[in-house]
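The next block holds one structure in the form of structure tokens; read it before the comments.
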Amino acid sequence: RTPMASSAVPSPLQEERLKYAPKLPDALKGKGRKSALKTIKPKGGLDPAIRKLFPQTQGQEEVRFQAGKGALRTEPMKVGVVLSGGQAPGGHNVVCGLHDALRDLNPKNKLIGFLGGPQGLIDNRSLEITSALAESYRNTGGFDMIGSGRTKLETPEQFEACARTLKALGVSALVVVGGDDSNTNAAVLAEYFAASGMGLQVLGCPKTIDGDLKTEAIEASFGFDTATKTYSELIGNVERDCLSAKKYWHFIKLMGRSASHIALECALQTRPNVALISEEVAARKQTLGGIADEIAAVVASRAAEGRNYGVVLVPEGLVEFIPEIKALIGEVNELVAKEAAVFNSLQGSAARVDFVQARLSALSKMAFQGLPREIQAQLLDERDPHGNVQVSRIESEKLLMGLVGERIEALRKAGRTKAKFSPIGHFFGYEGRCAFPSNFDADYCHALGYNAGFLAAAGLTGVMSAISGLTRPAKEWECGGVPITRMMNVERRHGADKPVIRKALVELEGRPFKAFAKAREGWAKADAYRFPGAIQYWGPASVCDAVTETLRLERGRK
Ligand code: FBP
């Protein structure tokens with residue numbers, strides 16, 4: 001493939017952003033000549049099951065770069081990079097940061113980008129990331145420089161194919177930029193290469209807008225900052241429209257897969273009337289009907305004050321956390337897998353709905369029948385390649401709009417409300433995944449990539465690029481690596497025990513949720529809306545370099 005510039009006709013903003021120089025933490029300055037490695041005593045022990053599964057790479061310590069000498073090799077090397085999974089703002093800066101570190105260590109170093117995600121690595125499709133190419137993508141959103149993909153690297157055959165590609169190209173270290181699954185697979189690949197004595201290094205980098213890849217050492221995954229700021233801008237605009245038009249209830253579903261970090265952050269930024277947090281729904285064992293009752297109560301109480309408008313935030317993964325729907329989805333998945341041939345031969349939604357309905361347990365049948373026809377059909381039609389329900393495709397915002405509408409109608413008939421309920425549904429997801437990275441993500445991603453270059457030059461493997469102290473100015477960020485095995489445990493997945501990085505869900509005891517829970521009653525009644533506005537790239541640091549509320553509450557000075 002011929003390397004292409006990021007856009008034939010750059011917008012004025014893109015022109016200016018190409019010139020932005022991400023802030024490099026002091027710990028990474030000196031072009032590698034002044035870097036020493038310090039090891040950090042890990043907090044807590046390693047899971048014994050993980051110790052057994054990773055005999056070669058377990059037991060490593062966390063490391064930090066500090067002023068000193070001799071940690072990095074300066075002989076020429078070739079490094080490979082692959083982007084894995086969904087887009088997240090700042091991905092290009094990870095590649096640019098890696099490029100810059102390699103260039104600073106030794107101008108003869110080379111960076112190879114694998115095309116279309118892990119499959120490009122298997123099939124040996126790549127291009128060299130030259131300085132010219134890096135310059136044309138600096139500080140831009142998207143992953144289009146080299147593309148991404150969702151192929152999972154997990155079988156020995158795939159590992160062998162990767163090794164063949166890396167050896168053929170003379171690449172000695174691979175940087176995998178991905179979420180929890182991709183970094184898990186990076187750790188398994190690192191172990192495989194170490195066990196077979198190939199001398200190939202594998203490093204990870206924490207990416208995902210979902211914010212669910214975080215641990216004590218990894219304070220945030222990149223992309224979360226920009227995506228939540230983009231959605232918060234839009235939500236704030238919708239809130240202002242509410243205040244102006246005073247006639248609609250907006251139900252806004254927010255991307256984020258299972259965890260509700262995005263919905264929680266956007267709620268903290270914009271103070272909507274209702275924000276559902278899936279983890280709380282599961283903890284309270286709420287039913288779908290119960291959730292609709294609670295929203296209807298807010299609609300009615302606001303109507304009593306003359307406010308027939310409002311905003312409700314709905315996390316993407318909500319339905320999976322509602323116990324009766326979770327059980328229903330589990331049964332549907334099993335049923336469709338068992339009866340695949342017959343199910344797939346049925347023509348049209350109605351036939352599928354009847355087929356499934358007749359075979360569900362009594363409780364799941366009740367839950368299924370309580371859903372509108374449209375949602376029943378989505379549950380059966382939107383399936384992934386393994387045949388499982390694609391929960392994110394279920395239009396849960398519309399489901400809630402319908403259920404709340406029914407309740408308001410019943411209250412009106414009983415003379416208990418005069419509410420006018422005019423709902424509008426939205427889904428904000430793809431709108432935020434490829435935005436121009438905020439200054440925070442531009443700096444953070446560049447530092448993550450640059451740091452990964454240093455980790456490669458330090459000869460490490462099975463380690464994730466880790467930048468901490470993120471609520472402080474970028475200059476003061478601490479830079480180093482965390483052994484991926486330290487983030488792993490063994491979980492039951494698809495009927496088998498698998499080593500995985502724990503998915504970080506919203507903690508109900510955590511500061512962000514507590515801050516939200518304390519304030520939300522006031523937000524339901526009053527018009528407490530907050531308007532974050534568009535991401536700003538130039539201006540006061542209080543605006544341009546502000547971190548997310550989640551990060552500030554979790555890691556800021558207490
Ligand atoms: P990952 O970062 O985990 O790959 O997912 C990001 C994400 O945007 C999720 O929030 C969303 O559920 C999913 O990707 C959508 O996937 P797709 O791009 O395949 O539609």
Side-chain angles (χ1 to χ4, degrees), residues 82-92 94 116-119 141-144 146-154 176-186 204-215 218 220-232 234 252-266 277-279 313-321 329 378 381-386 388-397 426-435 437 441 444-445 448 464 484 487 493 500-506 548 550:
V82 62
L83 303 174
S84 182
Q87 282 72 249
H92 287 155
V94 174
Q119 196 59 45
F143 277 9
D144 45 310
I146 51 175
S148 183
R150 291 203 184 273
T151 300
K152 290 190 194 309
L153 295 177
E154 42 193 6
V176 177
V177 182
D180 52 341
D181 273 354
S182 309
N183 276 286
T184 292
N185 295 335
C205 201
K207 173 236 71 167
T208 179
I209 61 162
D210 302 346
D212 58 4
L213 172 50
K214 68 181 160 185
T215 65
I218 302 294
S221 56
F222 79 76
F224 179 72
D225 185 274
T226 309
T228 53
K229 281 176 177 154
T230 306
Y231 304 142
S232 296
L234 299 176
I252 305 174
K253 183 169 91 162
L254 292 161
M255 213 177 223
R257 218 180 270 286
S258 299
S260 305
H261 297 291
I262 290 184
L264 179 57
E265 171 63 22
C266 292
I277 302 298
S278 306
E279 292 82 346
L313 302 187
V314 183
E316 181 177 25
L318 177 73
V319 292
E320 261 183 300
F321 286 75
I329 290 173
Q378 281 172 13
D381 294 344
E382 300 287 356
R383 324 194 62 80
D384 70 12
H386 308 287
N388 294 325
V389 174
Q390 275 194 294
V391 181
S392 65
R393 298 279 175 88
I394 296 171
E395 294 176 303
S396 42
E397 74 285 14
H426 312 257
F427 171 38
F428 298 157
Y430 300 98
E431 295 83 345
R433 291 202 313 183
C434 286
D441 269 328
Y444 181 42
C445 291
L448 280 170
M464 192 184 290
I484 302 175
M487 305 173 195
R493 298 256 175 110
V500 292
I501 297 179
R502 283 173 225 109
K503 220 179 233 322
L505 297 179
V506 167
T548 60
T550 305

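Scope of the values below: all heavy atoms of this structure, side chains included, with no hydrogens, waters or symmetry mates. Given the structure is predicted, the values throughout are model-derived calculations rather than measurements. For ligands, and for the atoms within them, numbers begin at 1 and follow the listed sequence.
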4.5 Å side-chain heavy-atom contact, [X] and [Y]:
{"X": "Tyr231", "Y": "Ile209", "value": "yes"}
{"X": "Thr548", "Y": "His261", "value": "no"}
{"X": "Ser278", "Y": "Glu320", "value": "no"}
{"X": "Val391", "Y": "Glu316", "value": "no"}

Original post:
When you measure from atom 16 (O) of ligand 1 to each heavy atom in Arg257, Arg393, Arg150, which option holds the nearest one?
Top reply: Arg150

**OP:** For atom 8 (O) of ligand 1, state which one of Lys207, Arg433, Glu316, Lys503 supplies the nearest heavy atom.
**Re:** Arg433

Any idea which atoms of ligand 1 are less than 4.0 Å away from a heavy-atom of [X]?
{"X": "Gly256", "value": "10 (O)"}
{"X": "Ile209", "value": "8 (O)"}
{"X": "Gly85", "value": "4 (O)"}

Subject >> Ser392-ligand 1 polar pair, N/O distance under 3.5 Å >> reply: no

**OP:** Check whether any heavy atom of Ala88 sits under 4.0 Å from an atom of ligand 1.
**Re:** no

**OP:** Would you check whether Gly86 reaches within less than 4.0 Å of ligand 1, judged by its heavy atoms?
**Re:** yes

Subject >> Gly223 versus Asp441, closest heavy-atom pair with distance >> reply: N-OD1, 3.2 Å

Original post:
In terms of residue, atom name and distance, what is the protein heavy atom nearest to atom 10 (O) of ligand 1?
Top reply: Asp210 OD1, 2.6 Å

Subject >> Nearest-0.5 Å distance that lies between atom NE2 in His426 and atom CG in Leu313 >> reply: 10.5 Å

Original post:
Under the criterion salt bridge (Lys or Arg N to Asp or Glu O under 4.0 Å), which of Asp181, Asp212, Asp210 is the partner of Lys503?
Top reply: Asp212

Original post:
Between Thr208 and ligand 1, which part of the residue brings a heavy atom under 4.0 Å of the ligand: side chain, backbone, both or neither?
Top reply: both

Original post:
What part of Tyr430, side chain, backbone, both or neither, has a heavy atom within less than 4.0 angstrom of ligand 1?
Top reply: side chain

**OP:** Would you please say whether a donor-acceptor pair under 3.5 Å links the side chains of Thr208 and Ser221?
**Re:** no

